[in-house]
Amino acid sequence: MKPITKTSKIAGILHLLMVPFGIFSFVYIPIKLIAYDDISLTIQNISENILLFKLGSISHLISQIIVVFLALSMYQLFKNVNRNRALLMAVFALLVVPISFINEVHNLGIIKLIENESNGFVSNQLNTLVSLLLDFSRNGVLIAQIFWGLWLLPLGLLIYKSSFLPKVIGIFVIISGVAYLFDSTFQLLSPGFFILSQFTFILELSLPIWLLIKGIKIE
């Protein structure tokens with residue numbers, strides 16, 4: 001197997017590997033435990049399922065470690081298409097990681113507050129602190145998502161300009177990047193705004209699925 005072909009397979013695996021971790025931490029955990037309009041219920045849910053909430057944090061951190069290797073793999077794959085653009089792509093992707101790791105401190109803070117029931121806070125104080133930490137965590141995710149959207153834009157252009165992947169996948173990836181930027185911007189300005197990426201997410205997956213099933217054309 002040629003090195004570039006092997007790299008493409010690794011990149012595809014890493015990209016798809018992020019999906020279950022992301023669904024678990026960003027979809028399942030909020031649906032199962034978080035009620036933003038009822039913080040008392042949220043605290044009760046987390047308290048009764050503290051291990052599950054911790055696993056959500058661990059899942060998120062694991063996904064960010066995968067991002068590091070994914071960014072490096074994609075850089076190796078596309079550096080001969082346009083080195084500067086490939087470098088920009090990798091930088092944007094790597095910036096997601098420290099933001100996400102620092103942001104996870106908010107969820108760890110929630111765990112600390114709920115596990116230490118004898119912390120001296122009355123119910124209203126605990127509710128306020130947990131509510132603030134949940135908002136901080138949510139906003140942190142949206143900020144990290146800005147860079148996830150940004151990394152997809154040069155990646156899409158690289159795919160479009162490459163000779164070994166279909167141009168339509170590049171267009172799909174660019175659309176996905178724009179959707180993430182749209183969501184981050186409007187969710188930060190107005191929480192609860194329409195989420196576009198829930199419909200465009202499948203377009204992003206066209207890249208790793210193609211890399212794994214079809215591979216790349218080497219001429």
Side-chain angles (χ1 to χ4, degrees), residues 4-5 7-31 59-60 62-64 66-79 81-82 85-97 99-100 138 141-190 192-217:
I4 191 172
T5 304
T7 300
S8 71
K9 296 293 185 183
I10 292 172
I13 291 171
L14 290 172
H15 204 149
L16 284 179
L17 190 59
M18 291 179 59
V19 175
F21 290 107
I23 290 175
F24 182 73
S25 57
F26 292 132
V27 179
Y28 179 74
I29 294 298
I31 290 175
S59 177
H60 184 206
I62 291 173
S63 72
Q64 298 313 299
I66 295 173
V67 169
V68 175
F69 295 98
L70 174 61
L72 296 176
S73 298
M74 287 297 188
Y75 174 77
Q76 291 296 322
L77 186 60
F78 290 103
K79 65 181 181 180
V81 177
N82 186 306
R85 194 172 291 161
L87 181 61
L88 181 64
M89 169 200 67
V91 168
F92 280 146
L94 292 173
L95 283 173
V96 175
V97 179
I99 295 172
S100 297
R138 174 187 168 279
V141 169
L142 291 172
I143 291 170
Q145 187 174 281
I146 291 173
F147 290 97
W148 188 256
L150 287 174
W151 101 288
L152 291 177
L153 300 184
L155 174 58
L157 289 173
L158 287 165
I159 296 169
Y160 190 84
K161 294 293 184 180
S162 73
S163 59
F164 49 78
L165 285 170
K167 293 184 183 298
V168 67
I169 293 181
I171 296 172
F172 286 165
V173 170
I174 291 172
I175 292 173
S176 297
V178 171
Y180 284 124
L181 292 174
F182 174 90
D183 287 347
S184 296
T185 301
F186 286 97
Q187 287 294 326
L188 285 169
L189 293 173
S190 178
F193 198 82
F194 176 76
I195 300 176
L196 182 59
S197 60
Q198 63 183 325
F199 301 104
T200 60
F201 172 69
I202 191 65
L203 299 179
E204 178 188 348
L205 292 182
S206 64
L207 173 59
I209 291 172
W210 183 277
L211 290 175
L212 280 177
I213 297 177
K214 286 288 190 175
I216 59 177
K217 297 179 180 179

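Worth saying up front: this structure is predicted, and the values here are computed from it rather than measured.
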(request) Starting at CD1 of I66, measure out to OG of S73 and round the result to the nearest 0.5 Å. (result) 11.5 Å
(request) Just jot down the ring pair (Phe, Tyr, Trp, His ring centres under 6.0 Å) partners of F201, sequence neighbours excluded, or say none. (result) none
(request) Assign the ring pair H15 / W151 to parallel, tilted or perpendicular, where the plane angle (0 to 90°) is split at 30° and 60°. (result) tilted
(request) Answer yes or no: are there more than 12 heavy-atom neighbours, outside F69 itself, under 6.0 Å from its atom CZ? (result) no
(request) Could you tell me the separation between the CZ atom of F92 and the CG atom of L87, rounded to the nearest 0.5 Å? (result) 10.5 Å
(request) Please identify each residue that fulfils side-chain hydrogen bond (donor to acceptor under 3.5 Å, both in side chains) with S100, with sequence neighbours left out. (result) Q64
(request) Would you indicate whether the side-chain heavy atoms of L95 and L150 approach each other to under 4.5 Å? (result) no
(message) Do L165 and F78 have side chains that approach each other closer than 4.5 Å (heavy atoms only, starting at C-beta)?
(response) yes
(request) Indicate the atoms forming the closest heavy-atom contact of F164 with L77, along with that distance. (result) CZ-O, 3.6 Å
(message) Ignoring hydrogens, what is the shortest heavy-atom contact between L158 and A86? Give both atom names and the distance.
(response) CD1-CA, 3.7 Å
(message) With rounding to the nearest 0.5 angstrom, report the CG to CE distance, L152 to M89.
(response) 10.0 Å
(message) For K79, give me all partners under side-chain hydrogen bond (donor to acceptor under 3.5 Å, both in side chains), at least two apart in sequence or on another chain.
(response) Q76
(message) Taking side-chain contact (heavy atoms from CB on, under 4.5 Å) as the criterion, tell me which of I23, V67, I62 meets it with M18.
(response) V67
(request) Tell me, please, which residues at least two apart from R85 pass side-chain hydrogen bond (donor to acceptor under 3.5 Å, both in side chains). (result) none
Listing, residues 174-186 side-chain donor-acceptor contacts under 3.5 Å, not counting sequence neighbours, or none:
{"from": "S176", "atom 1": "OG", "to": "F172", "atom 2": "O", "distance (Å)": "3.1"}
{"from": "S176", "atom 1": "OG", "to": "T200", "atom 2": "O", "distance (Å)": "3.2"}
{"from": "S176", "atom 1": "OG", "to": "E204", "atom 2": "N", "distance (Å)": "3.1"}
{"from": "Y180", "atom 1": "OH", "to": "E204", "atom 2": "OE1", "distance (Å)": "2.8"}
{"from": "D183", "atom 1": "OD1", "to": "L196", "atom 2": "N", "distance (Å)": "2.7"}
{"from": "D183", "atom 1": "OD2", "to": "L196", "atom 2": "N", "distance (Å)": "3.3"}
{"from": "D183", "atom 1": "OD2", "to": "S197", "atom 2": "N", "distance (Å)": "2.7"}
{"from": "D183", "atom 1": "OD2", "to": "S197", "atom 2": "OG", "distance (Å)": "2.5"}
{"from": "S184", "atom 1": "OG", "to": "L142", "atom 2": "O", "distance (Å)": "3.1"}
{"from": "S184", "atom 1": "OG", "to": "Q145", "atom 2": "NE2", "distance (Å)": "3.0"}
{"from": "S184", "atom 1": "OG", "to": "Y180", "atom 2": "O", "distance (Å)": "3.0"}
{"from": "T185", "atom 1": "OG1", "to": "L181", "atom 2": "O", "distance (Å)": "2.8"}

(request) Indicate yes or no: at least one non-hydrogen side-chain atom of L207 is less than 4.5 angstrom from one of M74. (result) yes
(request) Kindly write out the residues that satisfy ring pair (Phe, Tyr, Trp, His ring centres under 6.0 Å) with F21, not counting sequence neighbours, or none if the list is empty. (result) none
(message) Nearest 0.5 angstrom please: L211 CG to I10 CD1, how far?
(response) 11.5 Å
(message) Please report the interatomic distance CZ(F24) to CD1(I29), rounded to the nearest 0.5 Å.
(response) 4.0 Å
(request) Any chance you could measure L94, atom CG, to I99, atom CD1, to the nearest 0.5 Å? (result) 11.0 Å
(message) Taking atom NZ as the centre, does K167 end up with more than 12 heavy-atom neighbours from other residues, nucleotides or ligands that are less than 6.0 angstrom away?
(response) yes
